[in-house]
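Letters go in sequence order (proteins before strands), and every chain restarts at 1.
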Amino acid sequence: MNNREIVNTFNRVADMLSIRGDQIHRVLAYSKAAESIAALGRDINQVYAEGKLTEIPGIGKTLAAKIEEMLTTGKLEFYDRLSAEIPPSLVDLLRVEGLGPKRVKQIYDVLGVTTLDELTAVAQAGELSKLPRMGKKTEARLLAAIDALQRHGDGRTPLGDAWPTAQAMLAELEKVPGVTKTAVAGSLRRMKETIGDIDLLVAAEDAAAVMARFAELENIEAVTAQGPTKSRVVLFNGTGVDLRVLPPERWGTLISYFTGSKDHNVALRELALKKGLSLNEHAFTPLNGDPEILCASEEDVYTTLGLPYIVPQLREDRGEIAAAIAGILPELIQSSDIISDLHMHSTWSDGKMSILEMAQAARSHGRQFVVITDHSASLGIANGLSVERLRKQADEIAAANLAMGSGFAILHGTEMEIKADGTLDFPDDVLAELDFVIASLHTSLSQPREQVTDRMLNAIWNPHVDMIAHPTGRLLPDRSGADLDMDIIFESAAATGTILEVNANPQRLDLRDIHVRRAVELGIKLAINTDAHHVDHFDLLHYGVATAQRGWATAVSVVNTWSLEKFLAYIQRKPNK
DNA sequence: TAGTAGTGACTAACATTTGCCCACAAATG
């Protein structure tokens with residue numbers, strides 16, 4: 001069993017326990033454990049082999065035993081027993097907006113409904129509205145929610161899709177008279193790789209005018225809630241958008257609350273209570289009856305709690321509050337630190353622009369040097385380069401370097417296929433001619449873990465391979481990528497000095513945040529690259545930087561902060577070269 | 001259920017808004 005399967009099982013158990021009506025802390029224990037394992041950044045089998053399961057936050061003796069049972073037998077007896085009482089399919093009903101554990105239990109107990117189809121049938125027959133505390137309106141809302149679920153699913157939206165949508169909506173709301181501030185919040189502001197819904201904030205004295213304009217924006221299918229300070233709409237693509245409006249003097253607590261994460265908020269509020277303050281999105285309220293403390297800025301919120309400012313990217317309750325208290329928050333990598341881009345394509349393979357155009361655009365984006373890394377021959381679909389074309393490309397790079405003049409450098413590299421049999425697409429003597437060698441997986445990603453890991457190791461241990469691009473090959477939101485044994489990959493990358501990429505393309509964001517964190521802990525060198533196929537793609541860098549920040553990366557770990565001289569020296573003295 | 005203090009018991013997860021039915025469930029971070 002792998003991490004994901006255990007996470008799924010624990011989440012299902014948590015949902016089933018909440019439907020059964022178990023004590024909230026028992027439910028929380030399972031969902032907290034699931035979250036911890038999801039954020040682990042390493043293979044739980046490895047942690048188990050080291051006998052360190054209980055060192056995972058939220059895993060005690062009992063859950064460690066359950067994990068051991070799943071890892072050794074492939075099943076969980078407790079889950080089977082629970083299933084006899086609470087049909088596991090009931091968990092699916094919770095995905096319907098408007099249905100929580102209490103209602104699901106009631107619908108199951110009284111009507112015997114266990115699936116979405118059965119639920120639809122009883123709702124259409126009008127049976128649902130006969131239940132206590134359910135009426136015709138609720139019944140109609142649930143039918144609409146089921147319909148929406150079946151049309152759009154409840155999948156998450158990739159960051160790269162949600163970000164521009166949110167910015168466009170904010171641009172409209174900014175035009176409403178009386179609006180003084182606008183911002184995105186929620187998981188979008190924290191730059192999570194996928195987001196559940198879009199959260200927008202507006203500071204204005206007159207909320208009603210903003211709410212009215214919000215409901216009229218483009219692409220809105222339905223307004224599902226509209227109160228004095230809070231509205232919710234659903235876009236035609238199924239994405240939910242929440243808007244909250246408060247007066248500007250309460251902006252700090254508002255944006256802090258709405259940025260989350262939920263767990264981070266809970267931790268902040270606990271901390272506030274210890275200081276005799278109750279914290280909500282409006283203000284701090286002293287428990288002794290003193291007047292409330294307003295925070296116009298988010299910095300004020302943290303100052304009031306006696307903490308240094310914590311950037312949104314860190315607010316996942318993964319140790320950032322303890323680090324803030326201890327004064328050891330990392331000095332995170334910034335976009336302005338990045339002076340090179342080590343991965344991009346030209347018209348020689350599947351890029352859309354010439355080498356010179358790419359270089360000029362990179363310079364205008366503040367880069368001081370780039371590596372042209374077109375695909376290699378066996379990626380035929382991308383017009384990969386043969387050895388002959390690769391050598392010919394060197395001439396054009398020399399010419400482009402001349403055209404660019406001094407103060408900028410174009411290096412010659414390759415993004416070389418790691419083929420399905422594990423061999424590399426170019427022989428070592430050809431690789432030796434290049435300035436910089438990237439190896440990456442694009443095909444046969446679904447090979448068994450051992451096989452695909454071995455392929456990758458073969459590349460990492462090759463003395464000419466300087467970097468692994470987008471290591472897992474995942475594509476958001478749906479393709480999960482290769483099932484690599486990341487522990488071994490990291491070990492080998494550290495041993496050989498091989499750079500691992502944080503690919504900034506929002507479809508990839510690979511390495512992902514939790515793997516960045518693990519790599520940083522192990523002292524592995526990272527590169528944040530755009531993988532640009534077009535000059536417009538240089539604008540995507542911030543997604544990669546945010547992902548690195550979510551992994552607590554500092555400039556020390558990121559080779560794109562290095563001067564050309566330092567960079568060239570490093571890849572020359574790669575330990576196994 | 002985890003964590004803690006201590007080996008069985010106790011505490012722990014905050015605070016709000018909205019909709020709909022008529023006192024509460026669900027949803028938001």
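- Considering only side-chain atoms of A:K102, the nucleotide from B:dC21, B:dA26, B:dC14 that sits closest is B:dA26.
- Between A:D242 atom CG and B:dA27 atom P the separation is 12 Å, expressed in whole Å.
- Not a single donor-acceptor contact under 3.5 angstrom links the side-chain atoms of A:Q106 to the base of B:dA25.
- Searching all strands for a Watson-Crick or G-U wobble partner of B:dT17 with both distances below 3.5 Å returns B:dA26.
- Residue A:Q23 has its side chain nearest to B:dA12 when only B:dT16, B:dG29, B:dA12 are considered.
- Between the CG atom of A:D15 and the P atom of B:dA27 there is a distance of 12 Å, given to the nearest Å.
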Q) What's the verdict on side-chain contact (heavy atoms from CB on, under 4.5 Å) for A:H264 and A:R190, showing C-alpha distance, side-chain angles and the deciding distance? A) CA-CA 12 Å; A:H264 181 86; A:R190 302 198 309 276; over 6 Å; no
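- B:dC20 and B:dT28: their P atoms are spaced 15 Å apart (whole Å).
- In this structure, A:D263 contributes its side chain and A:E316 its backbone to no donor-acceptor pair below 3.5 Å.
- Residue whose closest nucleotide on DNA chain B sits further toward the 5' end, between A:P132 and A:S261: A:P132.
- Minimum atom distance to the side chain of A:F258 is reached by B:dG29, of the listed B:dA2, B:dA13, B:dG29.
- If you take atom C1' in B:dC22 and the same atom in B:dA15, they sit 24 Å apart, rounded to whole Å.
- Nucleic acid contact class of A:R189 (heavy atoms, under 4.0 Å, all strands): none.
- Between the side chain of A:Y257 and the base of B:dT28 there is at least one donor-acceptor pair of N/O atoms closer than 3.5 Å.
- Using P as the reference atom, B:dT11 and B:dT16 are 24 Å apart when rounded to the nearest Å.
- Here A:S278 reaches the OP1 or OP2 of B:dA15: one of its side-chain N or O atoms lies under 4.0 Å away.
- Across all strands shown, A:D263 has no heavy atoms under 4.0 Å from either base or sugar-phosphate atoms.
- In this structure, A:R232 does not reach the B:dA27 phosphate: none of its side-chain N or O atoms is under 4.0 Å from OP1 or OP2.
- Distance A:L279 CG to B:dC14 P: 12 Å, rounded to the nearest Å.
- Listed nucleotides: B:dC22, B:dA26, B:dT18. Nearest to the side chain of A:R103: B:dA26.
- Checking B:dA13, B:dC21, B:dA15 against every side-chain atom of A:R269, the shortest atom distance belongs to B:dA15.
- Going from atom NZ of A:K230 over to atom C1' of B:dT16 covers 8 Å, rounded to whole Å.
- Look at CD on A:E270: it is 12 Å from C1' on B:dT11, rounded to the nearest Å.
- Rounded to whole angstrom, the span from the CD1 atom of A:I255 across to the P atom of B:dT28 amounts to 19 Å.
- Checking the phosphate oxygens (OP1, OP2) of B:dT16, a side-chain nitrogen or oxygen of A:N280 falls inside 4.0 Å.
- At least one side-chain heavy atom of A:V245 sits less than 4.5 Å from a side-chain heavy atom of A:M211.
- Distance alone, capped at 3.5 Å, is enough to place a donor-acceptor pair between the A:R315 side chain and the A:I310 backbone.
- Partner of A:V104 under the side chain to side chain contact (heavy atoms under 4.5 Å, CB included) criterion, out of A:L93, A:D92, A:L119, A:V91: A:L93 alone.
- Between A:D317 and A:S261 the shortest heavy-atom distance is N-OG, 4.3 Å.
- If you check every strand for non-hydrogen atoms under 4.0 Å, A:D22 touches nothing.
- Residue contacts for A:I59: at a heavy-atom cut-off of 4.0 Å it reaches the sugar-phosphate backbone alone, with no base atom in range.
- Distance, A:I19 CD1 to B:dA26 P: 10 Å, rounded to whole Å.
- A:K136 comes within 4.0 angstrom of sugar-phosphate atoms only, judged by non-hydrogen atoms across all strands, and of no base.
- For the C1' atom pair drawn from B:dA23 and B:dT18, the interatomic distance equals 15 Å after rounding to whole Å.
- At the phosphate of B:dG19, neither OP1 nor OP2 sits under 4.0 Å from any side-chain N or O atom of A:T138.
- Taking every side-chain heavy atom of A:E97 into account, B:dA27 is the closest of B:dA27, B:dT18, B:dA15.
- Put simply, A:H282 has a side-chain N or O that comes within less than 4.0 Å of OP1 or OP2 on B:dT17.
- Of the candidate nucleotides B:dC22, B:dT18, B:dA12, B:dC22 has the atom lying nearest to any side-chain atom of A:R133.
- Nearest-nucleotide positions on DNA chain B for A:T54 and A:I24 put A:T54 closer to the 5' end.
- Across all strands shown, A:S256 has no heavy atoms under 4.0 Å from either base or sugar-phosphate atoms.
- Taking side-chain N and O atoms only, A:S231 has no distance below 4.0 Å to OP1 or OP2 of B:dT18.
- Ring geometry for A:Y30 against A:F78 counts as parallel: the plane angle stays under 30°, on a 0 to 90° scale with 60° as the upper cut.
- Residue A:H264 and nucleotide B:dG29 are not classified as a stacked aromatic pair, given the requirement of ring centres less than 5.5 Å apart at an interplanar angle below 30°.
- Straight-line distance between the P atoms of B:dA13 and B:dA2: roughly 16 Å, to the nearest whole Å.
- Across all strands, A:V13 comes closer than 4.0 Å to no nucleic acid atom at all (heavy-atom distances).
- A salt bridge links A:E50 with A:R42: at least one charged nitrogen is closer than 4.0 Å to a carboxylate oxygen.
- Pairing partner, B:dT11: B:dA2, with both Watson-Crick or wobble hydrogen-bond distances short of 3.5 Å.
- The NZ-P distance, from A:K32 to B:dA13, rounds to 11 Å in whole Å.
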